[in-house]
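This report refers to the structure that appears directly beneath it.
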Amino acid sequence: MTTSDTSLVVEKVGKSYGTFAALRDVSFCARRGEFLSILGPSGCGKTTLLRLIAGLESHSEGRVIIDGRDVSGAPVSKRNVGIVFQSYALFPNLSARNNIAYGLKSRGASREEIDARVDELLDLVGMRGMGRKYPAQLSGGQQQRVALARSLAVSPGLLLLDEPLSALDAKVRLLLRGEIRQLQKRLGITTVMVTHDQEEALTMADRILVIEKGRLVQDGTPHDVYDRPATPFVASFIGAMNFIPDAVKVQDGVYGLNGHHVRVGTENGSALLPPGSRVTIAIRPEDVLIGREHDSANIVPTTVSAMEYRGAQFRLSLIVHGGERSGLRLDADVAAEKVRRLQICPEMDLPVQLPLNRLRVYGAGEAHA
Amino acid sequence: MPEGGLATEASTAPAAANAHGGFWARVDGERWVKRLLIVALCLWLVVVLVLPVLQLLVKSLADDQGGFVGLAHYAKYFNSPNLFVSLRNSLVVAVLTTLLSVGLGFGYAYALARTTLFGRGLLKGIAMMPLFAPTLLNGIALIYLFGRKGLVTTGMFGLLPGVDIGIYGPVGIVIAETLYAFPQAVLILVIALKMTDARLYEAAQSLGASPLRIFFTVTLPGVRFGLMSAVFVCFILSFTDFGAPKVIGGNYSVLATDIYKQVIGQQNFSMGAVVSVVLLIPALLAFIADRLVQRRQVAAFAARSVPLVPRPNPRRDAFFLAYCWLIGGVIGIFYLTALFASLVKVWPYQLELGLWHYHFSGTGGGGYGAFWNSLRMSAHSALWGTAITFLAAYLIEKTRQLHGLRQLAYFLSLAPLALPGMVIGLAYIFFFNARGWDIAGVFVANPFNWLYATMAILVLCNIVHFFSVSFLTATTALKQMDREFETVSASMGVPFTKTLVRVTVPVCLPAILEIGMYYFVNSMATVSAVIFLYSADLPLASVAVANMDDAGDTANACAMSMLIVAANILIRLMYGASTSGIRRRSQAWLTR
């Protein structure tokens with residue numbers, strides 16, 4: 001569906017190199033002003049997807065529509081997109097000013113217009129007064145800002161960011177994350193960012209597209225993707241996840257595990273599975289609750305086998321005991337304060353609770369990564 | 001969008017670009033322009049390289065009337081003992097030269113790359129001297145040192161007991177070729193010795209390995225690809241060189257002089273073609289081996305490593321100081337002797353100094369006219385060669401169209417490395433002098449025939465002869481540039497030609513100047529290819545050296561060689577000055 005509010009439509013796009021399918025049947029769209037993040041492990045095809053949108057690669061199947069115009073097959077120069085590369089690709093022999101003005105000069109704008117526009121852009125990215133410097137004289141973060149200003153100079157309808165922060169050190173990365181997001185909101189420019197950093201995607205994007213082996217496996221808000229991962233792959237790629245295999249469905253909302261019944265609050269796709277199906281139950285380590293202080297459902301007896309200190313919290317390695325599933329391992333993230341209060345230590349017996357509305361159920365057919 | 005001004009142009013930007021930039025800004029046009037240029041490059045390489053070599057091969061299989069005789073010429077060649085012996089001689093010379101130049105060059109390169117020796121810049125300069133001279137001069141200098149009336153043979157004209165080492169023949173050729181191949185070996189080995197990871201040495205030292213053990217377990221394995229490359233390059237150079245054996249070979253025939261004798265002496269073109277093919281095959285094998293080695297070397301050094309910074313070591317440095325100045329001194333003595341001989345009135349009887357031999361009166365060769373022609377030819381070769389080479393490397397490295405054709409162009413661009421100058425020269429005569437070809441009963445006139453015996457064919461021949469090294473220099477420079485420069489420009493609607501002019505060429509300027517200098521210096525000094533191609537009204541300096549030497553006017557030949565060396569050193573100094581100027585200017589890009 002294409003409305004005037006839709007800035008980008010990617011429709012059933014596929015790309016093959018010989019017999020290798022880099023992308024298969026990818027479809028999504030972006031509203032005007034939306035910030036999309038394409039997330040996936042290296043080699044999953046996410047950069048290929050970005051390059052297809054940019055027109056740097058030609059796609060084998062499907063269509064790309066930008067601002068209502070079918071640009072499939074059109075070269076990058078006809079797509080009105082701004083691109084920021086991982087390497088920034090700033091021209092080393094041109095000053096920051098001239099880098100930013102590079103695209104403007106061939107558009108027939110007057111010198112005054114160009115100068116005014118470049119000043120405006122330098123202000124916009126917080127680089128006022130730095131225009132005379134050459135790229136090699138700028139820090140990584142400053143280079144990134146110049147690259148951003150350069151891509152925005154020609155007023156693109158779509159901004160494409162290819163791992164824009166991965167070459168920066170952690171502090172600058174955090175700072176620029178916020179700045180890019182603010183700038184994007186202020187300009188209202190539709191943006192697609194490729195990243196392999198889940199935290200970057202979670203904090204910056206309106207929507208996250210998770211790519212696995214060339215397929216779009218989930219398209220949702222950061223909350224959707226984190227709290228309701230569509231597949232075990234998504235669950236393990238974004239954040240950590242405990243997988244408890246070989247549970248059996250008794251009925252909707254009730255699963256047999258270790259001789260007990262585990263209750264699950266919200267079913268996802270598993271509602272379709274018939275009773276008796278083998279399933280994998282999943283829970284995030286931070287959702288595993290310690291002690292009996294909560295509701296009495298889904299209590300599992302465990303022993304602490306190891307503790308990993310992580311500053312604000314501990315990650316506990318727990319071994320489930322009792323029943324035929326004795327020896328099952330479970331990770332739990334517990335606030336350091338709680339660990340001190342309960343005096344948790346290795347070899348200690350520790351019953352834990354699996355809250356029913358935090359459990360996810362995956363059919364056995366969905367092999368998890 | 002909050003900004004005014006150009007923001008309103010956003011939606012109409014591509015249309016506006018079309019309207020302003022016309023043909024060049026239309027990107028579909030741009031794709032076609034690139035395709036067209038790639039096709040043109042391939043066609044050019046086919047015409048100046050593939051077709052002439054094919055013509056040479058055909059010639060070796062045909063009789064003088066053009067009838068196909070199969071391998072009859074080859075059978076004749078391998079059955080005539082005095083021709084066949086040249087192959088053995090060439091191999092002997094090449095193997096000995098390779099051992100000597102790589103062996104001596106390794107120590108020299110080690111001193112330059114791995115010690116804190118005083119005067120390394122000067123030592124490197126001295127070692128590079130032979131690159132500026134025609135190989136004929138190496139032979140001539142040897143005659144003045146070890147010839148019948150040479151300095152050493154007569155013991156400084158009777159001051160000391162003289163020694164005759166029998167310079168005419170294999171001894172002289174090997175010495176002259178070693179002098180010729182030595183700088184190439186040093187250049188390759190210095191790079192190999194510098195491309196070493198210091199951490200390997202630190203690891204070896206921390207494990208308590210002795211210096212000798214470190215040498216055999218770290219140093220040698222680290223430079224093995226460089227060593228192999230040096231071996232192949234020196235082999236090809238000495239196996240195919242014409243100048244030195246021409247002057248000092250005496251009756252010791254080698255393949256390169258055989259081609260000359262067959263073609264110029266006996267007008268036996270078919271046999272000349274056969275000998276060329278015999279010369280080509282070992283060179284081709286060495287070339288293929290070298291390429292295989294090079295590929296592995298690149299792979300071996302892909303990881304990020306810490307450069308090795310040599311530290312002072314008095315005993316080691318003293319040893320290398322003596323070693324280098326001994327070799328540097330010998331090289332210096334060669335060229336100083338030649339300079340001296342060119343200034344002496346009548347060697348060895350009247351040792352007054354003057355410029356008599358620089359008048360070139362009463363001798364053949366063409367005198368200053370020839371020197372001037374050589375300068376013009378070299379300037380043209382440098383200009384056109386640099387332009388074509390850089391554009392070729394750019395098209396192959398930076399465009400994304402026509403992958404297959406670009407691979408073909410890459411392969412063809414490296415092929416001249418395997419082609420000896422004699423082979424190129426002879427192939428060019430056969431190809432460009434042909435009136436036309438009978439193709440399936442239809443006579444096709446040769447559209448390139450007009451080039452024969454012009455300045456253009458000399459320039460073309462030089463461009464092809466020295467193409468590969470220049471091409472690799474350009475490719476290396478282009479590879480160091482971000483691959484996304486072109487994409488970024490395209491996304492902003494900037495035509496690729498503009499980015500080429502405003503970014504690519506300025507950033508690659510040092511490499512471009514280096515290529516220009518390389519073409520100029522080699523075009524001045526080369527004799528092997530052009531000796532078949534120059535015409536009587538276009539004499540050349542290097543050919544004049546050969547002809548004057550032939551006629552017994554050794555002092556004049558020596559003087560002309562000195563002019564060539566002087567011109568080349570001047571160009572080298574100009575190159576040095578301009579690159580340091582550029583470096584100073586481009587410091588602005590690099591320093592805070």
Side-chain angles (χ1 to χ4, degrees), chain A residues 51 54-57 67 69 71 73-95 98-99 102-109 113-114 116-117 120-121 124 132-138 147 150-157 160 162 186-189, chain B residues 1-21 24-32 34 400-401 480-499 502-509 582 585-592:
Chain A
R51 294 179 74 89
L56 300 173
E57 309 261 353
D67 282 329
R69 209 158 51 91
V71 292
V76 58
S77 53
K78 286 194 170 169
R79 295 195 178 193
N80 193 25
V81 294
I83 311 175
V84 177
F85 290 100
Q86 191 173 5
S87 64
Y88 318 139
L90 292 175
F91 305 127
N93 61 324
L94 301 182
S95 64
N98 283 333
N99 263 287
Y102 198 79
L104 298 170
K105 285 188 177 165
S106 54
R107 305 219 160 181
E113 277 178 300
I114 292 176
R117 176 80 173 138
E120 184 185 72
L121 285 158
L124 198 65
R132 299 261 159 256
K133 298 220 170 187
Y134 288 94
Q137 299 169 315
L138 299 172
R150 182 177 66 177
S151 69
L152 292 171
V154 292
S155 307
L160 303 174
D162 184 8
R186 209 159 105 216
L187 298 179
I189 185 169
Chain B
M1 288 198 186
E3 322 93 300
L6 294 162
T8 50
E9 280 188 25
S11 54
T12 58
N18 270 346
H20 289 298
W24 288 97
R26 263 185 287 126
V27 169
D28 279 328
E30 217 174 71
R31 279 186 185 173
W32 281 106
K34 285 183 184 169
R400 298 156 56 85
Q401 282 79 27
Q480 283 166 356
M481 295 182 69
D482 197 316
R483 284 181 56 225
E484 308 291 7
F485 283 170
E486 279 70 27
T487 353
V488 159
S489 308
S491 77
M492 292 186 284
V494 178
F496 81 96
T497 43
K498 189 179 164 188
T499 306
R502 275 201 70 197
V503 179
T504 314
V505 168
V507 173
C508 291
L509 203 54
I582 289 168
R585 244 191 319 139
S586 62
Q587 283 303 307
W589 314 345
L590 303 171
T591 48
R592 263 152 216 276

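Small disclaimer: the values here were computed from a predicted structure and weren't measured. All chains are named by letter (A, B, ...) in the order of the sequence lines, taking the proteins before the strands, and each is independently numbered beginning at 1.
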Determine, step by step, whether Y102(A) and V488(B) satisfy the side-chain contact (heavy atoms from CB on, under 4.5 Å) criterion, reporting the C-alpha distance in whole Å, the side-chain angles of both residues, the deciding distance to 0.1 Å, and the verdict. CA-CA 10 Å; Y102(A) 198 79; V488(B) 159; over 6 Å; no
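- If you measure heavy-atom distances from R132(A) to chain B, you find no contacts under 4.5 Å at all.
- Looking only at side-chain heavy atoms (C-beta outward), R150(A) and S491(B) stay at 4.5 Å or farther from each other.
- Atom CG of L152(A) is separated from atom CD1 of I189(A) by 5.5 Å, given to the nearest 0.5 angstrom.
- For L160(A), no part lies near chain B; criterion is any non-hydrogen pair under 4.5 Å.
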Using the salt bridge (charged side-chain N to carboxylate O under 4.0 Å, His left out) rule, take K498(B) and E30(B) through it: C-alpha gap first, then chi angles, then the decisive distance, then the call. CA-CA 12 Å; K498(B) 189 179 164 188; E30(B) 217 174 71; over 6 Å; no
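- Using a 4.5 Å heavy-atom threshold, the side chains of N98(A) and K105(A) count as touching.
- Residue contact with chain B, scored on non-hydrogen atoms closer than 4.5 Å, involves the backbone and the side chain of F91(A) alike.
- If you measure heavy-atom distances from T499(B) to chain A, the contacts under 4.5 Å come from both the backbone and the side chain.
- For R400(B), the part lying under 4.5 angstrom from a heavy atom of chain A is the side chain only.
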